[in-house]
Amino acid sequence: MTAESDRSGGCQCGAVRYHAKGELGYPHLCHCRMCQKAAGNYFMPLAGVMRSDFTFTRGAPKWFQSSDLVRRGFCGDCGTPLFYDIPEADSINLTLGSLDDPDAVKPVMQSNTGRRMSWFHALDGLPQEPEPETSDRENAIAASNHQHPDHDTKSWPFGESS
């Protein structure tokens, strides 16, 4: 199953931005230990795009060779995990959370479920905190947000040239 559309994305600070045309193939959640460590999370959501349909629109990632076959791309400034890459493959995998609209790409599969957290199935049963009223602290955080917006910008930070 694939998600079709043009997609843009990038890191939290905006130093690395990318564009993917066409299909995002095999959107999935990977539970392998390498993905857990690379994401700093319990799993990593990924989907592939053909290299011919992929371009960097700002900056370039740094790479970590996580195995003999795989390298991981991330922002060298803010550390956001962005890519899972097998250089010999025809496609590159994007981290779905780095998309400008991550809600638009629903995972269709889970992989390496033998490494999934044993309690993962119980997450939906956890109590949920009520949505709080906006506090002065939240207003101060929002007013001083340094995170890149979820869309391409001509320059970033605003006012600087690309």
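Here the structure is a predicted model, which is why all the values come from computation and not from measurement.
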Worksheet entry | CG on Asn93 to CZ on Phe54, rounded to 0.5 Å | 10.5 Å
Discussion item. Walk me through whether Gln110 and His28 qualify under side-chain contact (heavy atoms from CB on, under 4.5 Å).
Written reply: CA-CA 5 Å; Gln110 296 183 66; His28 69 286; over 6 Å; no
Discussion item. Less than 3.5 Å apart, any donor N or O on the side chain of Arg115 or Gln36 sitting next to an acceptor on the other?
Written reply: no
Worksheet item: Looking at side-chain heavy atoms only, is the closest gap between Asp101 and Leu99 below 4.5 Å?
Response: no
Worksheet item: Quick one: are the ring centres of His19 and Phe56 less than 6.0 Å apart?
Response: no
Worksheet entry | Leu123-Met44 co-clustered via ILVMFWY side chain contacts under 4.5 Å | no
Output side-chain donor-acceptor pairs under 3.5 Å for residues 66-81, partner residues at least two apart or in another chain, one line each.
{"residue": "Ser66", "atom": "OG", "partner": "Val70", "partner atom": "O", "Å": "3.4"}
{"residue": "Ser66", "atom": "OG", "partner": "Arg72", "partner atom": "NE", "Å": "3.3"}
{"residue": "Ser67", "atom": "OG", "partner": "Leu69", "partner atom": "N", "Å": "3.3"}
{"residue": "Ser67", "atom": "OG", "partner": "Val70", "partner atom": "N", "Å": "3.0"}
{"residue": "Arg71", "atom": "NE", "partner": "Asp85", "partner atom": "OD2", "Å": "2.8"}
{"residue": "Arg71", "atom": "NH2", "partner": "Asp85", "partner atom": "OD2", "Å": "3.0"}
{"residue": "Thr80", "atom": "OG1", "partner": "Gln12", "partner atom": "N", "Å": "3.1"}

Worksheet item: Between Ser98 and Tyr18, do the side chains contain an N or O donor and an N or O acceptor separated by less than 3.5 Å?
Response: yes
Practice prompt. Locate the shortest heavy-atom distance separating Gly14 from His148; write the atom from each residue and the value.
Written response: CA-CD2, 3.5 Å
Practice prompt. Over all heavy atoms of both residues, which pair between Asn112 and Cys32 is shortest? Give the atoms and the distance, please.
Written response: CB-N, 3.6 Å
Fill in: Same apolar cluster (I L V M F W Y, side chains within < 4.5 Å links), Tyr84/Leu24
no
Item to complete: Answer yes or no: does atom OH of Tyr42 have more than 12 heavy-atom neighbours from other residues, nucleotides or ligands under 6.0 Å?
Response: no
Worksheet item: Out of curiosity, Ser91 OG to Asp53 CG, how far, rounded to the nearest 0.5 Å?
Response: 10.5 Å
Worksheet item: Can you hop from Leu96 to Ile92 via hydrophobic side chains spaced under 4.5 Å?
Response: yes
Practice prompt. Start with the C-alpha distance between Leu94 and Leu82, add both sets of side-chain angles, then the distance that settles side-chain contact (heavy atoms from CB on, under 4.5 Å), and finish with yes or no.
Written response: CA-CA 6 Å; Leu94 315 173; Leu82 297 167; over 6 Å; no
Worksheet item: For the side chain of Arg51 and the backbone of Ala89, is there at least one donor-acceptor N/O pair under 3.5 Å apart?
Response: yes
Worksheet item: For Ala20 and Val49, which heavy atoms make the closest approach, and how far apart are they?
Response: CB-CG2, 3.8 Å
Fill in: Distance-minimising heavy-atom pair for Ala15 and Cys11
N-SG, 3.3 Å
Worksheet item: Got a second to check how far Cys30's SG is from Met109's CE, nearest 0.5 Å?
Response: 12.5 Å
Discussion item. With side-chain contact (heavy atoms from CB on, under 4.5 Å) as the criterion, how do Cys35 and Leu46 come out once you've worked through the C-alpha distance, each side chain's angles and the decisive distance to 0.1 Å?
Written reply: CA-CA 10 Å; Cys35 280; Leu46 298 164; 4.2 Å; yes
Discussion item. Before we go on, tell me: are the rings of Phe83 and Phe64 under 6.0 Å apart, centre to centre?
Written reply: no
Discussion item. Could you tell me if Arg17 and Thr153 have a donor-acceptor pair between their side chains, going purely by distance under 3.5 Å?
Written reply: no
Discussion item. Membership question, hydrophobic clusters at under 4.5 Å side-chain separation (ILVMFWY): are Met50 and Tyr26 in the same one?
Written reply: no
Fill in: Donor-acceptor contact below 3.5 Å, side chain Arg7 vs main chain Asp100
no
